[in-house]
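One structure is given here, and the rest of the page talks about it.
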Protein chains: 2
Amino acid sequence: MTVSRVVTKKGRVAPKTVAKVSRVIEELGYVPDLNAGGLSSRNSGFVAVLVPSIDNSNFAQQARGITDALTKNGLQILLGSTDFSIEREETVLGTMLRRRPDGVILTGGNHTEGSRRMLENAGIPVVETWDLPRQPIDHVVGFSNIAIAQAMVDHLHERGYRHIGFIGSSSASDTRGADRERGFSEALRKHALDDSRVIRLGAPPIPVEQGGEAIVEMLRRWPDTDAVMFVSDRTAFGAMQECLRRGWPVPERVAIAGFGNFDMARNCHPRITTTSIDCYEMGRFAAERIISAGTQLADGVSVEPEIIMIPYRILARQTT
Amino acid sequence: MTVSRVVTKKGRVAPKTVAKVSRVIEELGYVPDLNAGGLSSRNSGFVAVLVPSIDNSNFAQQARGITDALTKNGLQILLGSTDFSIEREETVLGTMLRRRPDGVILTGGNHTEGSRRMLENAGIPVVETWDLPRQPIDHVVGFSNIAIAQAMVDHLHERGYRHIGFIGSSSASDTRGADRERGFSEALRKHALDDSRVIRLGAPPIPVEQGGEAIVEMLRRWPDTDAVMFVSDRTAFGAMQECLRRGWPVPERVAIAGFGNFDMARNCHPRITTTSIDCYEMGRFAAERIISAGTQLADGVSVEPEIIMIPYRILARQTT
DNA sequence: CCACATTAAGTTAACGTTAACATCACAGCT
DNA sequence: AGCTGTGATGTTAACGTTAACTTAATGTGG
């Protein structure tokens, strides 16, 4: 028990006992077993994090923000990817809940019935990110994909573009992509413009190359298109490079706008106009929400679900 | 005990008992506790994976390969990033070992004394990736960064370039980057060419922009440079975009070669010549090595450390 | 019909830790 | 001296599972 107190730094131990225990720990190479500790203390020290894909700078940065906040509080991240599918999300979530996480951070507001039920039963804080769900499970740290797309249309409109197209995704479970398309349509109608120029590629992650193919198709079907919004910087980048290849000047022949402020969009020539949200901060806030909800729960205080809005910015650059 | 047998599918249970137990599990929403299970059975079901950065397509793909192989075998990944520092690696490794992983997958062959000692004491299979260490800890699934850089120099030489520079990193702990620089020098000397055109940027991850600044500096200091090799596609991409911005034709004014076959290098215009290794496969092999070593260990068979070489390819594209 | 194998299910004692409570030594006070 | 409070350490019983063993029930061959 004294060793436990020394290791966890909880409770009082005489300084010289601390020294003695520390020395023996060092000598023996003793490594405390957090799984056993969690079993006894009924909190595992894990926070489960589910992202659509780990191979995506935005989600990776979010994961970093989460990790940093958790580490500071002695917690560990349990990371899983759902491949942009809510069915896979349910499977992965099921696996993760076997580790008795102290909280769960999800991406998006669209989940299977099964996932919602499991989370209900688990009785732990949940944070949904990247979205503003109509029926939040618990806490939310996100932003409106509709509003952000509308803001981008406003930007294009302001720059004088009037024949604007959208190249997005077509997966039923990609509600974030669908929301961006919805924001696109609503904003165009607000400006009394035609919102029919839409091409839907497959389910995310959409390969970069397809952005190139899609803009060619767009300009073939609607040759007077003067600006195209993309669901992601990756496709926007693919499109712009294809324009370069074909000698179509950007933005003179067609303006291009992306989403997500990826490295490639920020650094290419010309630099791609895009939207930026601080994914690292979103992760950090989400983790902090889990932590504070967790301590409140431990103190027997009832926790009010909270909705935290992450600000977004339109980064007007050279392609518009 | 019967429930345990049903859940783990180990040992024989009468079919109708299985049905009954399954029904009750469903009814109760029972979720088995893998931490407790691991405590009892003395294997946690975790494999610890340490990568320099999660926000890097190559490492993310490796992690995917690992996850896929582990999932197939009922194991879970415990992912941590070291920020390209072996000191941080030691810290993170220490934290992870508290979860009693059944194996560890590391990046690179350069580790602190502390890390090596901890791994020794842990007595679990270890796989080093991304390198061919002189003194492997245990298993290796990697490739020679020296050889790959030499192959790239050979490619440039074959294309007729004779004034070749290298833009790399300068961190002491980035031995993979240092190896690539070494391969560069050795190959140039083999061809009786000058190997002094080297610019070392800071510690990885090197921002994309610095690639641009570095190539400007390179051509200022050594104006007759006709080709530049980069330690990574990211910096190569930054350099190429800067050339575009300045109206320097690539590869006519200067040829550019990267490393890693990133999305941005593959899809930009002109497409960047680079090297490619299959990170997903490297991850998969590493995980499979952990698994087979683990089962051998459980059967009391002594495990011979194995070295698996991952093939690399030079992708000759438009920038050379 | 019995000895013996096989299959199914149950019992016990760990695994390594911590919550909760108990004890002990000693200082400070009346 | 006796009482009280406090700080330091010790004891016990859990946490949820599984390894290893035991028991019970059911066949099977001579």
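Every value quoted in this text rests on a predicted model; they were computed, and no experiment measured them. Per chain, numbering begins at 1; letters A, B, ... match sequence-line order.
Both the sub-6.0 Å distance and the 45° axial angle are not jointly satisfied by A:Arg64 relative to the ring of A:Phe59.
Atom CG of B:Asp33 and atom C1' of D:dC15 are 9 Å apart (whole Å). Separating the CG atom of A:Asn35 from the P atom of C:dT18 is a distance of 12 Å, rounded to the nearest angstrom.
Between the side chains of A:Thr91 and A:Glu87, not a single donor N or O lies within less than 3.5 Å of an accepting N or O.
In this structure, B:Ala36 and A:Met1 both approach DNA chain D, and ranking their closest nucleotides by distance from the 5' end singles out A:Met1. A residue-by-residue look at B:Arg5 and A:Val31 shows that B:Arg5 has its nearest nucleotide of DNA chain C further toward the 5' end.
Checking C:dC15, C:dG16, D:dG7 against the side-chain heavy atoms of A:Arg12 singles out D:dG7 as nearest. Looking at the side chain of A:Pro32, the nearest of the listed nucleotides C:dT17, C:dG16, C:dG10 is C:dT17. With C:dT18, D:dA8, C:dA8 as the choices, the nucleotide that has an atom nearest any side-chain atom of A:Ser4 turns out to be C:dT18. In this structure, of D:dT9, D:dT17, C:dT18, it is C:dT18 that holds the atom nearest to the side chain of A:Ser40. When each of D:dA8, D:dA14, D:dT18 is scored by its nearest atom to the side-chain atoms of B:Thr8, the top-ranked nucleotide is D:dT18.
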Subject >> A:Ser44 vs B:Asn35, side chain to side chain contact (heavy atoms under 4.5 Å, CB included): CA-CA, chis, key distance, verdict >> reply: CA-CA 8 Å; A:Ser44 64; B:Asn35 293 328; 4.1 Å; yes
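In this structure, A:Glu26 places its CD atom where only 12 or fewer heavy-atom neighbours from other residues, nucleotides or ligands lie under 6.0 Å away.
Within 3.5 Å, no donor on the side chain of B:Ser41 pairs with an acceptor on the base of D:dT18, nor the reverse.
Salt-bridge formation is not detected for the pair A:Arg116/A:Glu120: no Lys NZ or Arg NE/NH1/NH2 atom is positioned less than 4.0 Å from an Asp or Glu carboxylate oxygen. We find that B:Asp33 and A:Arg100 are joined by a salt bridge, their nearest charged nitrogen and carboxylate oxygen being less than 4.0 Å apart.
Put simply, A:Arg42 has a side-chain N or O that comes within less than 4.0 Å of OP1 or OP2 on D:dG16.
Not less than 6.0 angstrom separates the ring centroid of A:Phe262 from the ring centroid of B:Phe262.
A rotation axis mapping the C1' atoms of four pairs onto the next four is fitted at both ends of the helix from C:dC1-D:dG30 to C:dT30-D:dA1 over five pairs, and the angle between these axes is 40° to 10 degrees.
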